[in-house]
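These numbers come from the heavy atoms of this one structure, side chains and all, not from hydrogens, waters or symmetry mates. This chain uses plain numbering: 1 for the first residue, then up along the sequence.
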Amino acid sequence: MAAVQRATGTSGIATGANAGAIMKTDRGLVTVTTPASAEGQLSVAASDGSAVTMALPAAVDAAGTTSAAGTTVYPNAAANTDLATQATVSGGARALVTLKNADAPTTQRFDLGLPEGASLVADGAGGYDIVTSAGGAGAVARGHIDAPWAKDANGKTVPTSYSLDGNTLVQTIKTSSDTAFPVVADPHYTWGIISGTVYFNKSETKVIALGGSVVSWLPHPAAEVGGRTLAGVAGYAVATDQCIKFKVSPGLAPLSPALALSGSGIYGGSAGDGYCR
């Protein structure tokens, strides 16, 4: 318990999640529930009833013990490993793995339960957006998995990264002979966001490059601002075998040409972690 809360601090932890903590956020009310035992699931549910769940990498169904600050620890839930969960005041859920010694496995697998039609898109910064249909075309981010982190007993950063195996989030933690144990590592995710980024796939990007319309909230691709057009941005994406994306307004409100261009960008896809295909 102490190692976990030393790594995360306690100011960002929400209490009451073992009974379902309801929090008001900038994306509406969300309910975060942490499991009573290690083989249960973390859940973040939006006000529309949809939810994203995360299973812990447990080998045994260890009972959880909850601190006054709100951290639930599942001791010895896997080989040389303690697990823990937290609800965060941002309306998210955090799963924590504590590697107690050098014999602990450094690859951890978290099975995700996604709403129908949802998928994961790499955000380019080590994490993933959780996206659903943007209504007719594109995929809009409604949730996010933050880039991973890991800290050793001295507070030193330990290299770590994510990959995907289907809907399983795989975290690899790169310990070394210099690592001071225990090591704490943390996937953190949110769900229910109604603004953020909309991603378009290759066929949709090509339509925009050719001057066509794919959604009502984007301006005409030929509209020019400062010598740039959306058609030009999309054309570059097509030429480099990539796709276009946009920062969007809450509720997908219509964007002006200037806002659309300033919020546009390109992104690539790779197997298992991209909408760009």
Side-chain angles (χ1 to χ4, degrees), residues 1-21 23 31-44 51-113 145-146 148-162 165 168-190:
M1 187 83 70
V4 169
Q5 293 186 168
R6 185 167 58 248
T8 66
T10 57
S11 61
I13 305 172
T15 58
N18 50 351
M23 283 168 277
T31 303
V32 182
T33 306
T34 57
S37 60
E39 290 186 352
Q41 294 182 327
L42 275 167
S43 173
V44 179
V52 172
T53 62
M54 176 182 284
L56 304 176
V60 296
D61 195 22
T65 300
T66 303
S67 73
T71 301
T72 299
V73 172
Y74 314 91
N76 302 309
N80 302 294
T81 304
D82 292 341
L83 302 176
T85 56
Q86 295 173 345
T88 60
V89 295
S90 63
R94 179 180 282 144
L96 296 126
V97 176
T98 301
L99 311 182
K100 297 197 286 187
N101 54 50
D103 293 325
T106 54
T107 298
Q108 303 289 335
R109 298 173 63 87
F110 303 86
D111 293 334
L112 299 173
I145 301 172
D146 294 348
W149 60 260
K151 296 178 182 178
D152 73 3
N154 296 326
K156 182 180 178 181
T157 296
V158 178
T160 183
S161 61
Y162 287 146
D165 181 6
T168 298
L169 183 70
V170 182
Q171 183 171 11
T172 301
I173 305 157
K174 297 181 179 179
T175 59
S176 70
S177 58
D178 296 326
T179 302
F181 289 89
V183 171
V184 177
D186 149 81
H188 175 264
Y189 74 95
T190 56

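One finds the CG atom of D82 at 11.0 Å from the CG atom of L96 (value rounded to the nearest 0.5 Å). Here the NZ atom belonging to K156 is positioned 14.5 Å from the NZ atom belonging to K151, to the nearest 0.5 angstrom. Rounding to the nearest 0.5 Å places CG of N80 at 12.0 Å from OG1 of T98. Within the model, atoms CG of L169 and OH of Y189 stand 11.0 Å from one another, a figure rounded to the nearest 0.5 Å.
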Query raised in the report: Going through the distances and angles, do L99 and V97 end up as a side chain to side chain contact (heavy atoms under 4.5 Å, CB included)?
Result: CA-CA 6 Å; L99 311 182; V97 176; 3.6 Å; yes
**Report entry** Intermediate values then yes/no, side chain to side chain contact (heavy atoms under 4.5 Å, CB included), D186 and Q86
**Finding:** CA-CA 10 Å; D186 149 81; Q86 295 173 345; 6.0 Å; no
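Without hydrogens or angle criteria, T85 side chain to A95 main chain gives no donor-acceptor distance under 3.5 Å. Counting only distance, with no hydrogens or angles, the side chain of D61 and the backbone of E39 share a donor-acceptor pair below 3.5 Å. Side-chain atoms of Y74 never come within 3.5 Å of backbone atoms of L56 as a donor-acceptor pair (strictly under, hydrogens ignored). A donor-acceptor pair is defined here as one N or O able to donate and one able to accept, closer than 3.5 Å; no such pair exists between the side chain of T71 and the backbone of S67.
The shortest side-chain heavy-atom distance between T34 and T66 does not fall under the 4.5 Å cut-off.
Here the shortest heavy-atom pairing between I145 and Y162 reads CG2-CE1, 3.8 Å. Scanning both residues, I173 and A150, for their nearest heavy atoms gives CG2-CB, 4.2 Å.
Side-chain contact of T179 with D152: a donor-acceptor pair under 3.5 Å is absent, judged by distance alone.
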